[in-house]
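Everything below concerns the one structure shown next.
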Protein chains: 2
Amino acid sequence: MDLPSDSHLLLETAATELSLAIGQLARRLRIEVNPGELSWSQNAALARLEKAGAMTTADLARSEFVKPQSMGTTLADLEQAGLVQRRPHPTDGRQVLFALTDAGIAARRKRSLARREWLLAAMERLDPADRQTLLAAAALIKQLAES
Amino acid sequence: MDLPSDSHLLLETAATELSLAIGQLARRLRIEVNPGELSWSQNAALARLEKAGAMTTADLARSEFVKPQSMGTTLADLEQAGLVQRRPHPTDGRQVLFALTDAGIAARRKRSLARREWLLAAMERLDPADRQTLLAAAALIKQLAES
DNA sequence: TATTGTTATACTCTATAACTATA
DNA sequence: TATAGTTATAGAGTATAACAATA
């Protein structure tokens, strides 16, 4: 077993700082919601359905790191808002497939969520190199989450 | 008013992707907690006090983007765990200053939080250039949150 | 009067447990 | 038996409202 190298100490620092930064921006973004807007979880589920097409509750839950019961609640809210619709699985009577409705697609197209607008305005104040770093980081952060 | 330029569309994409990525990693990290460990909010408050020294409830609330009442709850939990202690403000009888106790300092030194360990392990699987990108991004994300 | 902090209460999101239906 | 989903209940974190003490 080696003593920690300088690069390992740097990595520990990076992990700590990234964890704190993620938490801080998550809390900052959380307060940017206008009345009647989709919650962060609802928006994440909608975005996932847009990218991946129809999915079951269980698969959506795995993708977003929540329990199936929690995703069930989120999907019930989206269904009641008319943004997703359910249909039976063609071969497995237990499963239910969820897909975006036309209204759901329109909701994804509409570029007016307060959280997104706030983040966009904040990023506009950065210089191009920093924006590029954040775009690259977004892909890496997703990769980390799914690893 | 100009039509959106290519670079503006790129920026919109970056904002959307970053927002989704932050949410996804926040949920992924949230499930990595061992029984008895500090919550993410408690850890953030502790880290803030370590960096900035003694602070009032209101200042801590502003730093972490929650209401003073919410930070009051977090600080009460930390106080009960013996990790922070309160003392009166020297000149303003309304304010209360919170600072780390020896146990709080020790808790910050201890490098064993499940969330941090999970993130560290995930980052170890990245190549050095990607780690560097994430370290730079952590600083930018903090800057965004505070902008 | 304005501000800091506390107490009481409620809301959102997610979790665990128990249940039904299907495989 | 095992799995997908539902229903009921509970917990964590944060919010709003009402209040007390101090500036």
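Letters A, B, ... are given to chains in the order of the sequence lines, protein chains preceding strands, and every chain is numbered from 1. Please read all numbers here as calculations on a predicted model, not as lab measurements.
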In chain order, what residues pass the salt bridge (Lys or Arg N to Asp or Glu O under 4.0 Å) check against A/Asp59, with sequence neighbours excluded? A/Arg62
Counting only heavy atoms not in A/Lys142, do more than 12 fall under 6.0 Å of its NZ? yes
I need a per-nucleotide contact map over nucleotides 13-23 of chain C, read 5' to 3'. Cutoff is protein heavy atoms under 4.0 Å; write B for the base, S for backbone only, - otherwise. SSBBB----BS
Phosphate-side-chain proximity, A/Arg86 and D/dT6, N/O vs OP1/OP2 below 4.0 Å: yes
With side-chain hydrogen bond (donor to acceptor under 3.5 Å, both in side chains) as the rule and sequence neighbours excluded, what pairs involving residues 68-80 of chain A come up? A/Glu79-A/Arg86
Does A/Asp127 CG have over 12 foreign heavy atoms under 6.0 Å away? yes
Can you check the B/Met71 CE to D/dA12 P distance for me, whole Å? 18 Å
Considering residues at least two apart in sequence or located in another chain, which fulfil the salt bridge (Lys or Arg N to Asp or Glu O under 4.0 Å) criterion with A/Arg125? none
In degrees, rounded to 10°, what is the bend between the two ends of the helix from C/dT1-D/dA23 to C/dA23-D/dT1, using five pairs at each? 0°
Determine, stepwise, if the pair A/Glu146 / A/Arg48 fulfils salt bridge (charged side-chain N to carboxylate O under 4.0 Å, His left out). CA-CA 14 Å; A/Glu146 288 163 2; A/Arg48 176 71 55 175; 3.8 Å; yes
Going through the distances and angles, do A/Glu17 and B/Lys51 end up as a salt bridge (charged side-chain N to carboxylate O under 4.0 Å, His left out)? CA-CA 12 Å; A/Glu17 291 301 303; B/Lys51 280 181 199 164; 3.6 Å; yes
Spacing of B/Gln80 atom CD relative to D/dA12 atom P, expressed in whole Å: 13 Å
How close or far is atom C1' of D/dT14 from atom CZ of A/Arg28, stated in whole angstroms? 16 Å
Distance, rounded to the nearest Å, where B/Glu64 contributes CD and D/dA15 contributes C1': 17 Å
Once you round it to whole Å, what is the distance between C1' of D/dA4 and NE2 of A/His89? 11 Å
Could you check how far CG of A/Leu75 sits from P of D/dT7, rounded to whole Å? 13 Å
Can you sort out the partners of A/Arg109 under salt bridge (Lys or Arg N to Asp or Glu O under 4.0 Å), two or more places apart, ordered by chain and number? A/Glu50
